[in-house]
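Heavy atoms only: backbone and side chains are in, while hydrogens, waters and symmetry mates are out. Lettering of chains follows the sequences in order, A, B, ..., and the numbering in each one begins at 1. Values in this document were obtained by computation on a predicted structure and should not be read as measured data.
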Amino acid sequence: MSDSHARILCTITDHPIDMQVLTEFVADPAAGAMATFVGMTRNTNEGRQVVRLEYECYPGMAEKEMGKIAEQVLTRWPVQKIAMMHRLGRVDIGEASVAIAVSSGHRHAAFEACHYAINQLKETVPIWKKELYEGGELWIGSQTGTAGAFQRVQEENRA
Amino acid sequence: MSDSHARILCTITDHPIDMQVLTEFVADPAAGAMATFVGMTRNTNEGRQVVRLEYECYPGMAEKEMGKIAEQVLTRWPVQKIAMMHRLGRVDIGEASVAIAVSSGHRHAAFEACHYAINQLKETVPIWKKELYEGGELWIGSQTGTAGAFQRVQEENRA
Amino acid sequence: MRIRLRYFASLRERLKRSEDTLDVPAGATVATVWEMLTQAHPELAPLERAIAFAVAQEYVDKTHPLQDNDELAFIPPVSGGSYV
Amino acid sequence: MRIRLRYFASLRERLKRSEDTLDVPAGATVATVWEMLTQAHPELAPLERAIAFAVAQEYVDKTHPLQDNDELAFIPPVSGGSYV
């Protein structure tokens, strides 16, 4: 358990996410539990009909920040392995944009670590999501609080 | 969302668990999040070298109790769909004995519902697990608390 | 009246069978059957606080009245929270 | 000294470019660059509390001193906790 790199997989990809890559990575004979999370594009958001999402990242820094989260997880919980993957570009309804898998001896650590990892990812990893909806587009994360100033909705009357 | 049966899959099987069956079942265009849990046979337990596990259930009642948990989940959380599967018979190291997938609009509900479902399953569903380890066998769940009276270890000197 | 009994897991191995039928008096409850069973197998008596009971595949407590042809299952501790 | 600037997402679209180079005085900090940027683009000033800064791909605060050839990235709010 000393070499943390062999226990961490962090990937940013332009291709569809294959969950099996993550679950096979975290498989371990000492693991009795695996928790996974998948974030997908859903068809509505706050009353808007979503057409698709588009993701971009800060290349290099995004992977580094994901790696920091994975290292934190290995420090804080008795976890065997963790795999995190984020997709960039166009992600259609029902497709996965982000996936995390965590294996551990017991289930509570797996759940807590996986939940922590996705929460942190969405706080600190420089990845941005643009929502294309019926009638406009919107950078998500920028429409509330102090970030409200970022809001930029292009009302397009397509009719 | 009115017909709960179309939103629940509960299966007990003698065959290896195929996660894709569960994740495809819970897929839903209104779901932005999916949490899954997989319980697997691990190679040690409380200091014992585990050879394999063997599961049996109370047929009929086990499915009914799983179904009750799934109904509770749909009542308590804004969840789209839930799939639960448990395997019976021999389950070797690294193989899955139980898997749960939950889809929902947002991630917190998916995590909470999935964690709840596995906790409840292990409390109430009449499925029993025998651990075969180096030197003996043991019905798990029976060795602590008031259940201690059930303990039955067959010390077999195999040398 | 006649009750069908079912044993699982450790209890099945201990009793060396998975089911029985038992004739019980009218008005019998789960507790009545448990007393009959522990009279025949005194070594089971200490298990009472660990065991659960199901009639017609629903958990019941010991006061549950039995009907003719009921299936009464003895449920040892299930696979448990602490393992995985 | 010369600093490389990077803009992402909403900021990139607003400024219609993804990077710049900027000559700054010795001793400049992140705050110095931010002030120069908002002088050139006054409409960015209200964003200050929402934006984060990274130098050499590490988050820093506004007091962070810059070195020649540093890459300073302006990080708009990331994809966010509330969506999924």
What residue, out of B/I93, B/I100, B/V102, B/N43, has the most heavy-atom pairs lying under 4.5 Å from chain A? B/N43
Main-chain N/O of A/T13 paired to A/R87 side chain as donor or acceptor, under 3.5 Å: no
Can you say whether B/N119 sits under 4.5 Å from chain A via the side chain, the backbone, both, or neither, judging by heavy atoms? both
Could you tell me which portion of B/A27 (side chain, backbone, both or neither) has an atom closer than 4.5 angstrom to a non-hydrogen atom of chain A? neither
Between B/S97 and B/Y55, does a side chain to side chain contact (heavy atoms under 4.5 Å, CB included) hold up when you go through it step by step? CA-CA 8 Å; B/S97 54; B/Y55 289 85; 3.1 Å; yes
Plane angle bin for A/H115 and B/F111 - parallel if under 30°, tilted between 30 and 60°, otherwise perpendicular: parallel
Verify side chain to side chain contact (heavy atoms under 4.5 Å, CB included) between A/I17 and A/L22, making sure each step is shown before the conclusion. CA-CA 9 Å; A/I17 292 176; A/L22 286 84; 4.2 Å; yes
